[in-house]
Amino acid sequence: MQINAIPREWLYPGSLEVATKLQLQLAQQVITTDQLPDNIQYIAGMDVSSNWRDPKQIIYATCVVLDAKTLRVVTSASAHMQQKFPYIPGFLGFREAPALVEAFAQLSLKPDLILVDGHGISHPRKLGIASHIGVLLDIPTIGVAKSILIGKPAGTLDLAADATMPLLWQEQTIAMLLRSKNRCNPLIIATGHKIALPTAVKLVKSYLRGYRLPEPTRQAHLAANAYRRKLHD
DNA sequence: GCGACAG
DNA sequence: ATCTTGTCGC
């Protein structure tokens, strides 16, 4: 399935430009090159919560900002809107990005880096939601996914915590599997925007605090759920 | 042709 | 993606 085959009414304004811009920035290596500030002071986590049995299909997006030193949430913002684009594997960004961008716009404090719940360039068109958000906001992002979309592990991932293994697709390493917690299934860490894969993995590791998910994404998930339940559902 | 398929 | 207590394993 191609973006051209998508009904116009599903797309938000600028949808097609994002795909074009991503291809351009990939060629320029803007996507995969570290362009982080000297001191990363604030990190954001983004996630969306929704209820598949909700006939109105409301999407609840939350962006939390944590202090890089303490990994404590310092501020957050949320936004909700009706889903215009259904969930289709490979097109998650088109469904969730509008709500996430709106939540981000309401933040009083802008982060230096964003961890997004989902894939980065480990995607059929290298346009996973993390890269999608990175291109839209022009901020470094890392994709933190919980399962594989495309590709195959280079081998058998060691059971020990902290073990990593490349995720291969068409002879290329598109992401790294990371056993973030002892007996848990690995996370898939990928370049989102303006960051190299080794850097992304190193940073994600530093944000782990005994849970499978790194703090930014974990807190975003909790906050998005709380937001949805508060807006009664 | 068949299976796989982020959240 | 969400619902939901107890329960099995390290």
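Letters A, B, ... are given to chains in the order of the sequence lines, protein chains preceding strands, and every chain is numbered from 1.
- When rounded to the nearest whole Å, the span between CD1 of A:I188 and P of B:dA6 equals 10 Å.
- The CE-P distance, from A:M176 to B:dA6, rounds to 21 Å in whole Å.
- Residue contacts shown for A:G143 are absent, as no nucleic acid heavy atom lies under 4.0 Å away.
- As rounded to whole Å, 18 Å separates atom P of C:dT2 from atom NE2 of A:H232.
- Ionic pairing of A:D138 and A:K194 is present here: one or more N-O contacts between side-chain nitrogen and carboxylate oxygen are shorter than 4.0 angstrom.
- Between A:H221 and A:R183, the residue whose closest nucleotide on DNA chain C is further toward the 5' end is A:H221.
- Phosphate contact (OP1/OP2 of C:dT2, side-chain N/O of A:N225, threshold under 4.0 Å): present.
- A straight line from CZ of A:F91 to P of B:dC5 spans 17 Å, rounded to a whole angstrom.
- If you measure from atom CG of A:N182 to atom P of C:dG9, you get 16 Å, rounded to the nearest angstrom.
- Taking 4.5 Å as the limit, every side-chain heavy atom of A:F104 sits out of range of all side-chain heavy atoms of A:T62.
- Candidate nucleotides B:dG7, C:dC3, B:dC5 were compared by shortest atom distance to the side chain of A:R229, and C:dC3 ranks first.
- Side-chain nitrogen and oxygen atoms of A:K146 include none within less than 4.0 Å of the OP1 or OP2 phosphate oxygen of B:dA6.
- Taking atom OH of residue A:Y60 and atom C1' of nucleotide C:dT2, one finds them 13 Å apart after rounding to whole Å.
- Straight-line distance from the CG atom of A:L159 to the P atom of C:dG9: 16 Å, rounded to whole Å.
- Of the residues in residues 112-139 of chain A, not one comes within less than 4.0 Å of DNA chain C through any heavy atom.
- Using a distance-only test at 3.5 Å, with no hydrogens or angles considered, no donor-acceptor pair links the side chain of A:D112 to the main chain of A:P37.
- Ring planes of A:H80 and A:Y227: tilted class, angle from 30 to 60°.
- The side-chain tip of A:R95 does not point at the ring of A:Y12 from less than 6.0 angstrom away and within 45° of straight on.
- By the rule that hydrophobic residues join a cluster once side-chain heavy atoms approach within less than 4.5 Å of another member, A:L149 and A:I189 end up as members of separate clusters.
- In the set B:dA6, C:dT2, B:dG7, the nucleotide with an atom closest to the side chain of A:R95 is B:dG7.
- Spacing between atom CG of A:D54 and atom P of C:dC3 amounts to 12 Å, rounded to whole angstrom units.
- Applying the 4.0 Å criterion to OP1 and OP2 of B:dG7, one finds that A:S50 has every side-chain N and O outside that range.
- Distance from the side chain of A:P89 is smallest for B:dC5 among the nucleotides B:dC5, B:dG7, C:dT2.
- Using modelled atom types, one side-chain atom of A:T141 and one backbone atom of A:H193 make a donor-acceptor pair closer than 3.5 Å.
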